[in-house]
There are 2 protein chains.
Amino acid sequence: MADSIWDEIHSDTPSIPGNPFASGCLSRVVLDHVTSKWGVLVLAALASEPMRWGQLHRYVEGISEKMLAQTLRQLESDGFVLRQSAGTVPPRVDYSLTPLGDELAALLIPLVRWVGDNVQRTSLAQGLAETA
Amino acid sequence: MADSIWDEIHSDTPSIPGNPFASGCLSRVVLDHVTSKWGVLVLAALASEPMRWGQLHRYVEGISEKMLAQTLRQLESDGFVLRQSAGTVPPRVDYSLTPLGDELAALLIPLVRWVGDNVQRTSLAQGLAETA
DNA sequence: CAGTATCCGCCATGATACTG
DNA sequence: CAGTATCATGGCGGATACTG
């Protein structure tokens, strides 16, 4: 019975642990979390160094408190982010990547870097340059 | 004057072409396209092989016609995807990656693969297994 | 400092129907 | 086959106010 959910998920791709191309596959949910608007940036930020809430808030420019909280809780519940509260007052909470998060970030960083380094080669940037 | 937009964007990070962590940076827009719900999957799909519309529609399970069209147009306008219409009737349209898209996909594929291969290690999957 | 609570607009997404 | 057009809606995301 415990296997039924996996059987169902992998019914059409028996030998593949998770196929993001298959609708209804759990991996798609995780992929959505990871590639969400803020998820990528938060993971990439924490990859550079563990950070406290406020630091993270400043590092990822433009993120609202709500979205930062929501994103962090999501990534924590996925097992990518570790939340450590000092339990002091005033509160101090440190966020870092779990080993799983580290593996993921190792793939995310090159992506974020590439986009940053190559925006100007995109047609989007070309178009802007012309109209300017 | 033509440089003003870039100056503004890079005002706080002069030597970096595009910093996704900076709000208002173009690279963030591109990053959003690339990491959008369907963008990742479409790019990854086309990386495996060029495809026609219908083939792509079937490959990326669950995507609506509207979203497929929208995603393709977006990626095309970014310069990642090449659209080639045969001009015949009935119509035949082939989609493939541009060289720029190839570079991007090379970074995306490992990410998609990793997520697919490691979903079961996430807390999300662990939680599901317990309740089952 | 590190959040939570609440309200709300709006747009991304989806379903359906239609077309050259 | 390869789309477009239209409509409906859920939730993403922002702004603001409040708290231990």
Side-chain angles (χ1 to χ4, degrees), chain A residues 20-25 28-43 45-46 49-78 81-96, chain B residues 20-25 28-43 45-46 49-78 81-96:
Chain A
F21 290 106
S23 68
C25 181
R28 214 178 242 194
V29 177
V30 174
L31 193 62
D32 278 350
H33 293 175
V34 167
T35 64
S36 72
K37 181 181 177 69
W38 300 113
V40 191
L41 295 177
V42 167
L43 285 169
L46 290 179
E49 59 169 333
M51 289 187 198
R52 298 175 58 180
W53 166 277
Q55 197 178 353
L56 207 43
H57 195 195
R58 270 172 276 119
Y59 197 93
V60 182
E61 291 183 21
I63 192 172
S64 68
E65 296 181 349
K66 177 184 175 179
M67 280 303 107
L68 181 54
Q70 189 170 306
T71 303
L72 282 172
R73 266 185 275 120
Q74 188 123 88
L75 295 176
E76 190 191 358
S77 81
D78 285 347
V81 164
L82 178 66
R83 190 194 114 110
Q84 286 171 304
S85 174
T88 58
V89 46
R92 175 197 171 103
V93 181
D94 289 81
Y95 291 94
S96 56
Chain B
F21 290 105
S23 68
C25 182
R28 213 178 244 193
V29 177
V30 175
L31 193 62
D32 278 350
H33 293 175
V34 167
T35 64
S36 71
K37 181 182 178 68
W38 299 113
V40 191
L41 295 177
V42 167
L43 284 170
L46 291 178
E49 61 170 331
M51 290 186 196
R52 298 175 58 180
W53 167 276
Q55 197 177 354
L56 207 43
H57 195 196
R58 268 172 276 117
Y59 197 92
V60 182
E61 291 182 22
I63 192 172
S64 68
E65 297 181 348
K66 178 181 175 180
M67 280 303 105
L68 180 54
Q70 189 170 308
T71 303
L72 282 172
R73 266 185 276 121
Q74 187 122 89
L75 295 176
E76 190 191 0
S77 80
D78 285 347
V81 164
L82 179 65
R83 190 194 113 111
Q84 286 170 305
S85 174
T88 59
V89 48
R92 176 198 172 103
V93 181
D94 289 81
Y95 290 95
S96 56

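First the proteins, then the strands, lettered A, B, ... as listed; each starts at 1.
- Protein atom CG of B:Asp94 is 15 Å distant from nucleotide atom C1' of D:dG3, rounded to whole Å.
- Each of B:Gln70 and A:Ser36 was matched to the nucleotide of DNA chain D holding its nearest heavy atom; the match closer to the 5' end belongs to B:Gln70.
- Counting to the nearest Å, the P atom of C:dT13 and the NE2 atom of B:His33 are 11 Å from each other.
- Residue B:Arg52 has a polar side-chain atom (N or O) positioned under 4.0 Å from OP1 or OP2 of D:dA2.
- Rounded to whole Å, the distance from CH2 on A:Trp53 to P on C:dT4 is 7 Å.
- If you check D:dG3, C:dA2, C:dT4 against the side chain of A:Glu65, the one that comes closest is C:dT4.
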Full working for side-chain contact (heavy atoms from CB on, under 4.5 Å) between B:Glu65 and B:Trp53
CA-CA 10 Å; B:Glu65 297 181 348; B:Trp53 167 276; 4.3 Å; yes
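- Look at OH on B:Tyr59: it is 17 Å from P on D:dA2, rounded to the nearest Å.
- Side-chain contact check for A:Leu56 versus A:Leu68: some heavy-atom pair is nearer than 4.5 Å.
- Between B:Gln84 atom CD and D:dA2 atom P there is a gap of 14 Å when expressed in whole angstrom units.
- A 3.5 Å limit on both hydrogen-bonding distances identifies D:dA2 as the Watson-Crick or G-U partner of C:dT19.
- Along DNA chain C, the nucleotide nearest B:Ser64 and the nucleotide nearest A:Arg73 are compared for position; the residue whose nucleotide lies closer to the 5' end is A:Arg73.
- Each of A:Arg83 and A:Lys66 lies near DNA chain C, and the nucleotide nearest A:Arg83 is the one positioned closer to the 5' end.
- B:Trp38 has a side-chain polar atom (N or O) that falls below the 4.0 Å cut-off from OP1 or OP2 of C:dG14.
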Would A:Thr35 and B:Val34 count as a side-chain contact (heavy atoms from CB on, under 4.5 Å) if you check the C-alpha gap in whole Å, the side-chain angles of each, and the deciding distance to 0.1 Å?
CA-CA 9 Å; A:Thr35 64; B:Val34 167; over 6 Å; no
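- Contact check for B:Met67 versus B:Lys37: no side-chain heavy atoms found under the 4.5 Å cut-off.
- The interatomic distance linking A:Met51 (CE) with C:dC1 (P) rounds to 16 Å, in whole Å.
- Proximity of a side-chain donor or acceptor of B:Glu61 to a complementary backbone N or O of A:Ala22 within less than 3.5 Å is not detected.
- Following rounding to the nearest Å, A:Asp32 (CG) and D:dG11 (P) show an atom-to-atom distance of 14 Å.
- OP1 or OP2 of D:dG3 lies within a sub-4.0 Å distance of a side-chain N or O belonging to B:Tyr95.
- Looking at the side chain of A:Met67, the nearest of the listed nucleotides D:dT4, D:dA2, D:dG14 is D:dG14.
- Across all strands shown, D:dC7 pairs with C:dG14; the Watson-Crick or G-U wobble distances both stay below 3.5 Å.
- Rounded to whole Å, the distance from CZ on B:Arg58 to P on D:dA2 is 9 Å.
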